[in-house]
Amino acid sequence: MMAVLAFLWSMGAAAGVKLSETLFLLHVGADELPYAFLITSFTLFGVAYVLLKAVQRMSAYSIFYILSWLGTSFYGLYAIAIWVGLINEDSNSFVAAMVGSYLFLLVSITCYWSFVDEYYDLQDSKRLFGVFCSAIFLGMICAGLLLSWGQIPVEGLFGIIAACFASAALWSRLIKKHEQVAYDDTRGEDEVAHKVSLPQALRLIAKSPMTLLLLLTPILGQSMEVITEYNFLHDFEEHFVGNLDLSLSDSEDAALTLFMGRLSAAAALLSMVIGLLLTSRLLKRWGVNNMIVVLPGIYFCTFLGWNLFPSLCFPIMGFAITEGLSYAIQDNNVNLLLNAVPAKLKSRLRVCLGFFSEPTGMLVGSTVIALAKENSLYIGLAVAGIALCVAMGLRAYYLQALLSHLASHAISFKRTARDFLGDLSGKDRDQSRMQLFQQLESADLEKQALALKMLLVFPDKYILPRVLLALDELSVESKLQAISCLADSPHSGDPRTLRLLRRWSQGEEEEVRIKSAALYSLAKQGEVESKTVAMYLDSPNLHLRAAAIIAVYQSIPGSSLVDQRLWSMLSSDVDAEVRMGIELLAMLRHADALPRLLEFLQHPSKLLSHTAARVIPELMDRKQGRHAPLLLQILGSRSDPVVRKACLQSLAQLADPGTLTPIIRAGLHFRPSERRLAEKALLNMGHDVIEELLAHTRDTSLPDRCRLLAGRALCRMAPQLFREHVWTILLDDMDRAYFYYYHCHTVQKQNPLYDLKMLSDTLRSSYYSVIDFIIQILAVAGSVEDAELLSHALRSRNAKVHGNAVETLEKTCDPQIFKRLCPLIDDDIPLQDVILLCQQEGVFSLPLPDLLEQLGHSPVQADQLIAARVKTLLPQQKPEHALSFVDEKQETLPL
Amino acid sequence: MTQISLVEKAFLLKKTPLFEELELDLLLTIAERLSTASFEKDDRIFELGQNAHRMYLIVDGCVDIRDEGGNTLAMVYAVDFFGDESIFNEKPRGYSAISATNTHLLTLSRSDIQAIISECPSVGIALLHAYSSTVSFREREKLAP
């Protein structure tokens, strides 16, 4: 449907341009052409501006639809005007027709590709865009044939052009109604592309080398075309008439025209063949990143030969490239490469490429030719060299751009508040700072706390004095909260913070609660002498007592006075006292701290277990290995994420190789954040565990999630070794995937007398599980920096993201593995073909009893359970029950 | 609508029942993924039967939730959210959302929500809480005699 649409609008738009050009030349004359081009270029800028605004407000379909009706109206009215005799020799109307036709052609190209792009991901685009390019080209050829036929009056031709545009509008409506757009949840309900302001867009362009190079590509491409065109026309002219002194005679004129006509036909045929038959195959074999080098490479070789050998072969090659290859390859490549630029820029960039880069390229090419006609072949070689370098740059940045594209679609939970605030632009940072100080003055304690936390991690070295000054003005409750926030902040030991706390602890006008809290904070920093606070050892004020305990313990380590108070606090009935006791125990690094704290980790009170969870990992080191079994036991028995996190952090600190297998086995139930911590724990164990990790990754009796955890850690520890073993790790899993795929699609058909829905669903589920495992292992092996990113993207439901992820996988994984995996992850391959492939891969159709037997010995628990269940159900179904069941379900009974 | 800064988004998230439990780092992580949308009075935010990609948090203003017949099912006000159901059941929108006043919204995509729930189960639990407490208006029609 998209190819038909391409044919319709391209035929209309191309015929419009050719017809209006002819009318202009006939009625106005070639002398006025520069004037018409000048108007066209100015109008182009205006239209580009409107289009840039439109892509932020309307869907690509709406823009294309409106454009098609505008085209219909424009050409329809023009046809009527000619028919009723309103247009005679009025030059302005011919200028308007010419300007309008150019605009409709350019805008249609841009809008068509934006519209098409919504329906396909990168993998589909690689297959289909070449065909669409050919359809556009075919439309243009048909437009030429229509005009050269000469049997239709001008108003009739304009009427046909209007009809083409109207058909395109109606056809696009049909497509919108019947075709499903590629799922992209980053767009709004209005299906409008990403909204991004101009400064944001410019910042994104500046940060993306791929985008910058892509903007250069059409400039260089158009320059090349202009230079090549000048050179081959010059050489053809020389070849046919160069030896004659007289002006062109009829015979030479006819020979040249015939030659050009034949060449044009051959180039058109070449373009069609390449577009329809070769482009998608070459893209599949070489990839977009390599295809982008092809055209500049051919240009470069052609100009090199052209400069060295005075043969007609090179001008002919130049003609073929300019008139044939560039349509079929270059436009297609640019459209595909747009998938790798930041998603927020895509629609705007397409407009910029069509309306700014290409005209700039024409301007550059013609200026260069005008200034240095004599050296145009050398200039062509130089420009081809630059274009080749740019293409090589695109090739080099392609993978990185794809990964950046994927990253922009994924949430990274690894970034901290400081990272986010540090990434703000200068203006945004100033604005945020101002907003945070405003919130600090708010009466809402929660807002104040949030604002203070952000201000204390704000990447600004001059911010602390301002924050401390602002804190002085706060209420008592806010000051208490601020003391706690300051204690947890990176500025807790800063002399300016300590000065403020000292002032608050000694200030006559301050309330006792503030004084004691400030004193406690100072004690934690070792800023309080024991003699000044020793009298508070039995104070009812918790903060004063805690300050005294810290100060006395620091002056007399192991003091029994302190021990007594500590144990008394820990055995108190008041949670706040116990909590303080836990904190002090950890802070003082008491000899008996860990056993007591681990008890609290299992405490039924969330407040106490969380307090213990916060401090335990800080006390763990490699010497505390005896606590590992208890930590593993808590990890296995508790579901509280805070407690589990503390266990994993502690295990990471222990780095005990003896915990490797239990951690991997526990990996079956890890959340993403827990899995990251478990990975860290495995990594901390060092290179001695590499062999064990490899064995676990290979062990098909382990659940896939556990194997994946081992694989991830192994890849981070020894990436080269992991990549070397990927094939052997996945060999059995590939076979499993084909086995599940084949049987989930065939088991019911081969055993129609039984209701095997439950069995086929289980096989399907196991298939998805294996595929997910394979993909994740490949993502881990292939991703350079962020393994999670690629595996998330490969499982994404967003078609665009998934398409780019498959492309990334193709670029990063072993071609042998990708070739075997591709049929299973490519949704466009027909089911029957994949089933046939399964048989070629060695999957034999198992009779039902054998299948159930095999599943009964599967390492996957679900397989075993369902196999056992189906075995018990089968005798009940056969024969009468099964027959009646199948009768209801299938209507026909294959007896 | 003036651009909402990352910090403002974080403050707004902290006010919503879904995200109030989250730590600063996570709040900013989610805030960075939020897009903004503005609607004038009587603008349609989405229609019944439309494909669903996103859920909405109201910054300010008020949104009228309407059924097939155009009857108001609920009015949703600032810091509340809507449009989340279709994200999970993957069905088309089950109601229309119309801006009852000039309304500013923050939106979050389906894949982002799913990633957030996977990372922060507290958000999933808060959503469940919201469902269980609002089941009356969501199921009003079915429960009606």
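Sequence lines set the chain letters: A, B, ... in the order given, protein chains first and strands last, and positions in each chain run from 1.
Listed options B:Glu32, B:Lys14, B:Glu47 were ranked by heavy-atom pairs under 4.5 angstrom with chain A; first place goes to B:Glu32.
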Taking only distance into account, with no hydrogens and no angle test, what donor-acceptor pairs under 3.5 Å do side-chain atoms of residues 639-647 of chain A form with protein atoms, sequence neighbours excluded?
| residue | atom | partner | partner atom | Å |
| --- | --- | --- | --- | --- |
| A:Asp640 | OD1 | A:His610 | NE2 | 3.3 |
| A:Asp640 | OD1 | A:Val642 | N | 2.9 |
| A:Asp640 | OD2 | A:His610 | NE2 | 2.7 |
| A:Arg644 | NE | A:Glu674 | OE1 | 3.4 |
| A:Arg644 | NE | A:Glu674 | OE2 | 3.0 |
| A:Arg644 | NH1 | A:Leu635 | O | 2.8 |
| A:Arg644 | NH1 | A:Arg638 | O | 3.1 |
| A:Arg644 | NH2 | A:Glu674 | OE1 | 3.3 |

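Neither the backbone nor the side chain of B:Ala31 comes within less than 4.5 Å of any heavy atom in chain A. For A:Arg415, the parts sitting under 4.5 Å from any heavy atom of chain B are the backbone and the side chain alike. Both the backbone and the side chain of B:Thr29 come within contact range of chain A, judged by heavy atoms closer than 4.5 Å. In this structure, chain A has no heavy atom under 4.5 Å from any part of B:Ile30.
Considering all non-hydrogen atoms of both residues, B:Ala10 and A:Leu450 come closest at O-CD2, 4.2 Å.
Atom CG in B:Leu27 sits 9.0 Å away from atom NZ in A:Lys453 (nearest 0.5 Å). Taken to the nearest 0.5 Å, the NZ atom of B:Lys15 stands 5.0 Å off from the NZ atom of A:Lys447. In this structure, SG in B:Cys120 is found 10.5 Å from CZ in A:Arg671, a value given to the nearest 0.5 Å. Separating the CD atom in B:Gln114 from the CD1 atom in A:Ile411 is a distance of 10.5 Å, to the nearest 0.5 Å. Summarising the geometry, atom CG belonging to B:Leu24 is positioned 7.5 Å from atom CG belonging to A:Leu421; distances are rounded to the nearest 0.5 Å. To the nearest 0.5 angstrom, A:Gln438 atom CD is 9.0 Å from B:Glu8 atom CD.
Residue A:Glu446 qualifies as open at atom CD: its count of foreign heavy atoms under 6.0 Å is 12 or below.
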Requested in this report: Could you please spell out the steps behind the side chain to side chain contact (heavy atoms under 4.5 Å, CB included) verdict for B:Ile116 and A:Phe413?
Outcome: CA-CA 9 Å; B:Ile116 290 165; A:Phe413 291 100; 4.2 Å; yes
Query raised in the report: Passes side chain to side chain contact (heavy atoms under 4.5 Å, CB included), B:Val7 versus A:Phe420? Steps please.
Result: CA-CA 10 Å; B:Val7 165; A:Phe420 284 111; over 6 Å; no
**Report entry** Trace of the side chain to side chain contact (heavy atoms under 4.5 Å, CB included) decision for B:Asp25 with A:Asp419
**Finding:** CA-CA 9 Å; B:Asp25 292 350; A:Asp419 297 334; over 6 Å; no
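The closest side-chain heavy-atom distance from B:Leu6 to A:Asp423 is not below 4.5 Å.
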